[in-house]
Number of protein chains: 2
Amino acid sequence: MQNLRERMMTVAGTTPAGSRSSLRERKKLATRRALRQAAIDLAAEHGFAHVTVEDIAQAADVSVRTFFNYFPSKEAALFGADPDEAAALPGRVACEAPGEPVLHAVRSVLAGGVRARADELAELWLNQGKVLRTDPHLRAAQAAQSAHLERALADGIAERLGTDPEQDPYPGLLAAVAAGVFRSSLSFWAASGGTVPPDQVIDLAFQALADGLPERCALREFTASTAARE
Amino acid sequence: MQNLRERMMTVAGTTPAGSRSSLRERKKLATRRALRQAAIDLAAEHGFAHVTVEDIAQAADVSVRTFFNYFPSKEAALFGADPDEAAALPGRVACEAPGEPVLHAVRSVLAGGVRARADELAELWLNQGKVLRTDPHLRAAQAAQSAHLERALADGIAERLGTDPEQDPYPGLLAAVAAGVFRSSLSFWAASGGTVPPDQVIDLAFQALADGLPERCALREFTASTAARE
């Protein structure tokens, strides 16, 4: 196996979030990604219960102590997003597609983000899905991660609308709903084998949302068997 | 303070879920509720970091060992639903309002459930909201609970539609979205002081969802300041 951290360094240097960051920051991001990749790969291969923090650290070529500088537990390593991405999300939601409704902006940011990173991360997402289906109790760890995404979305939605989320229920509502659409779409995509572009599933799910979640919607023509045929 | 378990025994005996259960089951339910109530009350009063499992067990008049028969951690005690309720949810979603769209059925079950228990549980929900706003890291524990609700909803939606959630993305999507609506509505209701019926906020949020989440919706006329004036 090629050194995981070195591979991640290359990737971290070429992503938009990393392009203007210092070498030190890129090294940290590469280590974080290597740990996440190792955690997911090992869990998908051996089952999460049989993977230790020691295994993950070793596969990512760092010490156990270093592991705990990045993640508080092996559960947390499975689903953590890059900190830069989370930090950039509110600004993206606020600025995307000016003049369009905020639901459109959220849809565009989330589907676009997945589209931009699908080549690099599709295998990681597929293995995350596999691990979740094998160990359903890990949905709690995934839900915790989803709560972070939701908070970042709510901040961006409130900023775009120029509203106060303490006074206005809309940013919290749309953020909770959008995080649910995102998570359930990626889960379904992974469960159905990941044979079509994941952003397509996310986009169809957001279309169903914009239409008021009718029981007949284009998303449902996209069944698991359709995906397997493509 | 009146003995918490005795109070909960009375309540457990009168709720629909408990009405046909054995004395032993009602006792267990009463203990679970007493522990949850004690955990929330203590956390709301002293801050979650300052509350121990020992404190919670003592307030609920049980041993620490008994506490751990019900909950794996003090975080888990804060947001756990009654097991009976969770078990009954899929059947309710499947049978509610026959002939109506499944979104309508989900809305009716969730808003109706809150309406039926508001007198008994409003204070608990308000204190849960207070604890969450004070200790934002507890959102992870709440998200884990929300994941349980979501799974139960997905089962009920799939049953009602006669569809396979492995093949059809709709049950997972609607469940994730509905759980998000439910959680964000109750949070907003609690943050705005809980001065209007909580089921009203949930129902308006579901109306917004059915309308495709337009930026202008009746839910937003219901701001925190409106609630404070009523």
Side-chain angles (χ1 to χ4, degrees), chain A residues 76 101-103 106 133 136-137 139-148 150-151 154 161 163-185 187-189 191-192 201 204-205 208-217 219-220 222-226, chain B residues 76 101-103 106 133 136-137 139-148 150-151 154 161 163-185 187-189 191-192 201 204-205 208-217 219-220 222-226:
Chain A
V102 63
L103 173 58
V106 169
R133 291 192 301 282
H137 79 273
R139 291 188 197 183
Q142 186 202 25
Q145 175 54 29
S146 190
H148 288 289
E150 194 176 316
R151 217 148 50 241
L161 293 174
T163 190
D164 175 359
E166 303 275 311
Q167 296 291 323
D168 179 355
Y170 190 86
L173 174 66
L174 178 52
V177 165
V181 169
F182 183 75
R183 191 169 30 75
S184 70
S185 301
S187 292
F188 181 79
W189 168 81
S192 66
V201 184
L204 284 173
L209 186 68
D211 294 339
L213 291 171
E215 288 179 15
R216 296 185 65 157
C217 54
L219 176 72
R220 296 185 77 191
F222 177 85
T223 61
S225 49
T226 321
Chain B
V102 63
L103 173 58
V106 169
R133 291 191 301 281
H137 78 274
R139 291 188 198 182
Q142 186 202 25
Q145 174 55 30
S146 190
H148 289 289
E150 194 176 317
R151 215 146 54 240
L161 293 173
T163 190
D164 175 359
E166 304 276 310
Q167 296 291 323
D168 179 355
Y170 190 85
L173 173 67
L174 178 53
V177 165
V181 169
F182 184 74
R183 191 169 30 76
S184 69
S185 301
S187 292
F188 182 79
W189 168 80
S192 66
V201 183
L204 283 173
L209 186 68
D211 294 338
L213 292 171
E215 289 180 15
R216 297 185 64 156
C217 55
L219 176 71
R220 296 185 78 190
F222 177 84
T223 61
S225 50
T226 322

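Order of the sequence lines sets the chain letters (A, B, ...), proteins ahead of strands, with each chain counted from 1. Every heavy atom of this structure was used, including side-chain atoms; hydrogens, water molecules and symmetry mates were not.
Top candidate by heavy-atom pairs under 4.5 Å with chain B, chosen from A/A178, A/A210, A/A147, A/A141, is A/A210. The candidate from B/R183, B/Q145, B/H137 with the greatest count of non-hydrogen atom pairs under 4.5 Å with chain A is B/R183. Counting heavy-atom pairs closer than 4.5 Å to chain A, the top-ranked of the candidates B/V201, B/V177, B/L174 is B/V177. Most heavy-atom pairs under 4.5 Å with chain A: of the set B/G180, B/G212, B/A176, this distinction falls to B/G212. Considering only heavy-atom pairs separated by less than 4.5 Å from chain B, the leading option among A/S184, A/S185, A/A179, A/C217 is A/S184.
Looking at A/L161, the atoms closer than 4.5 Å to chain B (heavy atoms on both sides) all sit in the side chain, from C-beta outward. Within the 4.5 angstrom heavy-atom criterion, no atom of A/Q142 approaches chain B.
To the nearest 0.5 angstrom, A/E166 atom CD is 9.0 Å from B/F188 atom CZ. Within the model, atoms OG1 of A/T163 and CD of B/E215 stand 10.5 Å from one another, a figure rounded to the nearest 0.5 Å.
Using a 4.5 Å heavy-atom threshold, the side chains of B/R139 and A/R151 count as touching. Using a 4.5 Å heavy-atom cutoff, the side chains of B/L209 and A/L173 are not in contact.
Side-chain atoms of B/Y170 do not come within 3.5 Å of backbone N or O of A/L219 as any donor-acceptor pair.
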